[in-house]
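The structure appears below as structure tokens.
Note on naming: letters A, B, ... go to the chains in the order of the sequence lines (proteins, then strands), and numbering restarts at 1 for each one.
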Amino acid sequence: MNAKTQMKVMVVAVASTFGTALYAADDAVFSGEVTPKLYSFDYFKGSGTNATQFLERYNSQKGSDTRGGSYFDLDLNIVGKNAQRNVFELEREGFGAYNHRGKVKANSDTLGFSGYYTNFRSASNGFVFRYSPGVVDGVFGVGTGTAPAYASPVGPANTQTGYVAKFNNDSAGQTDYKVDRNTYGLGLALKPTLFGNSLAAALNYDGYKRDGNRFATYVLGGSNISNAGAGAPDLGTQNRWRGFDMPVDEKMNRYTLSLNGAPGGFNLAYEGSVEKFDNSARLFTIADPAAVALPAGTVVASINPLHFVPDSTLVSNNFRFAKNYGGMAVAAGYGLSVLDQDSFSQQQQTLGYNTGKITTNSAYLNITSNAINGVGLEGFVKYNNRKNDSSFPVAGLISATQDQTLGVRVNRVKALNYGLAGTFRVAAMKSTVTAGWKHEDKDRDLTWATAMIPLVGGVGNVVLPQQSFYRENTRSDELYVNLIARPMPGMVLRVSPSYLAASETGLVTEPDKSFGLKTKLSYAAKDGTLASGYYNYRDRKNANNSITDNAAAVLPAGATTTQDLDRTQQAAGVSLNFPVSEWINTSASLSWMQDDFAGYYLRQGRRRFEAPNNAITFIVNDRPNYKVDTYVLTLGGDWQVNDELRWNGNYTWSQSKGHTASGDIATALTAIDDTINSSVHSLALGVDYVVKKNVKLKASYVYEYNKDGSYSDLTGAYHTLMLGVGFGF
Amino acid sequence: MRRLAVLLAVILGGALHAGAWAAPMAKAAPIKGDQCVECHKTEATTSHAFHGECNSCHTNAGDHARNQEAREKAKGPAKPPRLAATKPESKECLACHESDKRRMHFSIAEHNKAGVECRDCHGNHTPKIKTLNAGMEKGGKTTALCATCHQDVLAKFSMNSHHPVKEGGATCTGCHDPHASKQATLGAATAQCTSCHQAIRGPHAFEHPPAAEDCKNCHDPHGSPNKRLLSVAQPMQCLQCHSLPNRRHGQTGSTSAVAATIRAEVVAGAALRDCASCHNAIHGSATDQHLRH
């Protein structure tokens, strides 16, 4: 659908929305509030205007050209209501020049219309740029984020790798990176009353547009660049690591039709959608940015795309079914989705890669029964089949019979999950106990370039399955218990231990042993006091997957090296909501989270795809540890001084502290990369004052301070003041 | 497959017997809404459409009304104890709302299994979240409602890298359907993320298997102390699956297969600090098996 047609659809839909509202609003009473607001903000500490400040990543104000300013905004809230329902709602809220949202709804007995939009700017791409190579100082004791020692000595004698010798920024003047996401949608609901309560239908349109730019890096391969000038070959290698300003211009349009009804007591639902994603940003090839700044004599002979984002269409059809038979309920569903690639890079077109297609079939069946007094039974089966129907093989691009053109191809991933559970009501402490078992069975159909193996001693080198941790099967069983107890009125205790064991794991990120425990105790008193505490623990281990050495021109049959991962995550917290009086409410919470992860740092001499003609020996270098603690403290209060005046405030302090690695990795990294030491203070104060009937003054003040102990350039502060007048009617 | 067949037999067996065991649901004595409004004027004006019959939700409303009458007539110690009107349980709500496509599977939803009733989130007469504290204004009322129970998740949104939920750029219900069940999801395993992040869904000629299978293999969607919502910081995030070759990564590019020589090769922080600077097509590449472009 082109832009003009979309605009027409939106105009018709919006007009219909208001039409319906007017039709339904004969007896409606309208009320609302319109609040013009004036904001004044200042990033009063931290980086200058040429770099993104940490606090800007999710709170980007007027732009990069200023660190302070003022602007007007408007909040809107209008409701039309009759005896049955809200027949009309219109709301708009603004929280900054690039953070606002709105929605509109209209309802009658038979129809419902809705629309929404949001705008949110993220500057997290600027944050990525600030950490990028070439911007960061001091890595490995030298002046840039790269390591010139890789390109030493300069001249033809240089035989070093060179890939991380020098970072080249092809858009050196550009330091301001941000992306706007504008989402919008419309919905039309045809209510059951329209069809004699036998059917309901809905048509929905959802879309978004992303605009902006991001910092994109890439590394040129050995075949992408050559040079014959003075200083070769290092002249080429020193220019291999590059970055450039890459525009983002994407849009997504999704159209969804939903039907549901209950003929004969069977609940049936269908949802079909067509989702079109378009990338309108310029498509780059390696030759584009690299050609800008490469030295004379350098040849870039490649049409390989850079950061290629294809257009695509996802068509989904989902059917769901539910039926209650007395104390038993059956729920089932089937879904088919097909993701198609709509645009292809120049290289793909040239080489004949013309189909990109992923088909997913999925289904589930759940049966629950409460037929036995005090006992609930449940069984489920779930199936998911992801099939890759993309072009394969394609000579010169992706092939199992040519050197370095395939690691592994995932042809199909089939997952089957099933389980049983029983829930028992126990009189003691008004408890329910659920005990269950779940099984997961995942089968992968993978293609490795094993066709090359007969060529051992010849030219063929491949990534061999024995030299990857990726495996074809995952099989795991999990036992769990959920206890919910109500030992006294208002108190709820939840305890959920679980244990998983896997005989096979396809990825090392899947645990072969896992123990988890979730607990929570909450208490709600009649006076409104709410207190709660929780503790969560999960330990995931994997020592299931190994890789195997090979001697030169021999298939892997040597020593095996097993990865041994151990990750423990803990979280604990307490919170209290305490109404001091009918007019004053206070709240406080404290949370702690710890992530402790260790695994082997494995190394080898040659790259895996240089086997089997060359010997590959894997070694355990050491066992680095990642450990970070995070604390979050929140204090809040709300004070209704009298009918006219209300104060409220909130303070949040969060701190993350720890190391991202230990051992040799930590030695090689500098503090900004191996240490996490940051804290953020946020204070928000608000006041509302009713001047007279239908006129309310509003004000708020927000102060934020970020302190980064490992990357001091990220330390910064921001505050903003808002003054508004609400006119009610 | 044998285990699956046994499982299906157990489920179907239970299903066939269940109907016979089912007990009929008791019905409340009928009562007119007008009778309730005599006392509950405020509730009457805030009631939702089609909720005019009080006893359709407050199933003992008749007994409650008669109890009130008896209490008003009785004097002294003969006054009967107060009988409060019951609050609706989920089954009362679902009697009407289960045919709604979003709630048709609520019986197997995680919230239902955890003992969460409809009324815990939905207030028929007054909204559960009436006003927002200044600290939660951007996040909105839906997020504030979810946060009342999910404090452990709320805390993650204060980490360095997080989805901007508290900032208003995303909502809990944008990713999670509170009425749905994980056992009843359809579509791709990554669909929950790629319904917003289409740019990384491909299809890719060269896939990165963990990214193709499950985004959570590398990312913690709620929050992380690491950049880009990574569960573990680079390079350890990558090195848990990948052994690092000295060639292209070591300073001299040594290709030795001798353990001591492999260990002796220097790998600089420049190569270790951000694997995705070079392997930038980390979610999948159109052209390169090493996910570089």
Side-chain angles (χ1 to χ4, degrees), chain A residues 58 84-85 95 120 139-140 146-147 161 164 217 219 260 262 267 269 277 304 308-309 318 322 325-329 331 335 337 341 345 356 358 360 362 366-367 369 371 379-380 407 484 509 571 591 599 602-603 605-607 615 617 619 628 632 636 650 654 656 660 668-669 673 676 684 686, chain B residues 7 11 14-15 18-19 21-22 49 99 101 104-105 107-108 115 133-135 138 151-152 155 158 164 167 169 183-184 186-188 198-199 203 205 207 217 225 232-233 236 240-241 243-248 252-253 255-257 259 262 268-273 277-278 280 286-287 289 293:
Chain A
Y58 305 133
Q84 282 78 43
R85 60 177 66 80
F95 307 103
F120 189 80
V139 174
F140 208 63
T146 52
T161 301
V164 285
T217 59
V219 63
N260 66 287
N267 286 327
F277 173 78
N304 285 5
F308 178 71
V309 178
N318 294 332
Y325 300 92
M328 189 189 76
S337 67
Q341 183 173 340
S345 71
I358 304 291
T360 304
S362 47
N366 285 261
I367 298 179
S369 170
F380 79 94
I484 305 171
T509 51
S591 302
L602 304 173
R603 296 175 64 185
R606 287 185 180 272
R607 296 162 294 182
T617 305
I619 67 158
V628 180
V632 180
N650 186 79
S654 62
S656 290
T660 63
L669 297 173
D673 291 313
I676 290 175
Chain B
L7 172 68
I11 293 171
W21 294 335
S99 60
K101 68 184 167 80
M104 64 188 289
H105 286 346
S107 62
I108 54 169
N133 188 289
K138 291 181 184 177
Q151 294 145 12
D152 51 341
S158 290
E167 292 83 356
Q183 289 168 201
L186 295 173
Q198 279 87 349
E207 295 188 311
N217 278 318
V232 178
M236 284 185 67
Q240 61 183 306
C241 298
S243 178
L244 188 75
N246 284 333
R247 194 165 195 196
R248 292 287 186 269
T252 69
T255 57
S256 172
I262 293 170
L272 290 167
R273 61 188 302 270
S277 274
C278 294
N280 45 56
T287 192
Q289 74 169 94
H293 306 130

Tell me the closest heavy-atom pair linking [X] and [Y], and the distance in Å.
X	Y	result
A:V219	B:C278	CG1-CB, 3.6 Å
A:L669	B:G269	CD2-O, 3.8 Å
B:A270	A:V164	O-CG1, 4.2 Å
B:E167	A:F120	O-CE1, 3.8 Å

Stepwise, does the side-chain contact (heavy atoms from CB on, under 4.5 Å) test hold for B:E207 with A:I358? CA-CA 11 Å; B:E207 295 188 311; A:I358 304 291; 3.8 Å; yes

Under a 4.5 Å heavy-atom cut-off, does chain B meet the side chain of [X], its backbone, both or neither?
X	value
A:S654	side chain
A:S656	side chain
A:N260	side chain
A:S337	side chain
A:T617	both
A:A615	both

How long is the gap from CD on B:Q183 to CZ on A:F380, to the nearest 0.5 Å? 4.5 Å

From A:N366 atom CG to B:S107 atom OG, the distance as rounded to the nearest 0.5 Å: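 One finds 8.0 Å between CG of A:N366 and OG of B:S107.
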
If you count heavy-atom pairs within less than 4.5 Å of chain B, which of A:S591, A:A262, A:A322, A:G599 leads? A:A322

Please rank A:V309, A:T217, A:I484, A:T360 by heavy-atom pairs under 4.5 Å with chain B and give me the top one.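 Heavy-atom pair counts peak at A:T217.
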
Region of B:S256 that comes under 4.5 Å of a non-hydrogen atom in chain A: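 For B:S256, backbone heavy atoms alone lie under 4.5 Å from chain A.
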
Using the ring-ring contact (aromatic ring centres under 6.0 Å, His included) criterion, which residues pair with A:F308? Sequence neighbours excluded.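 Result, ring-ring contact (aromatic ring centres under 6.0 Å, His included) vs A:F308: none returned.
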
Starting from the C-alpha separation in whole Å, work towards a yes-or-no answer on side-chain contact (heavy atoms from CB on, under 4.5 Å) for B:L244 and A:L602. CA-CA 6 Å; B:L244 188 75; A:L602 304 173; over 6 Å; no

Do [X] and [Y] make a side-chain contact, defined as non-hydrogen atoms from C-beta onward lying under 4.5 Å apart?
X	Y	answer
A:R603	B:N246	yes
B:P245	A:R606	no
B:M236	A:T660	no

Quick one: which of B:S243, B:A188, B:A286, B:G135 has the most heavy-atom pairs under 4.5 Å with chain A, could you say? B:S243

For the backbone of A:T509 and the side chain of B:N217, can you confirm whether one donor and one acceptor N or O come within less than 3.5 Å of each other?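 Side chain of B:N217 to backbone of A:T509: no pair is present.
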
Say whether, by atom type as modelled, one donor and one acceptor occur between the side chain of A:S362 and the main chain of B:L186 under 3.5 angstrom.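 Checking the backbone N and O of B:L186 against the side chain of A:S362, no donor-acceptor pair under 3.5 Å is found.
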
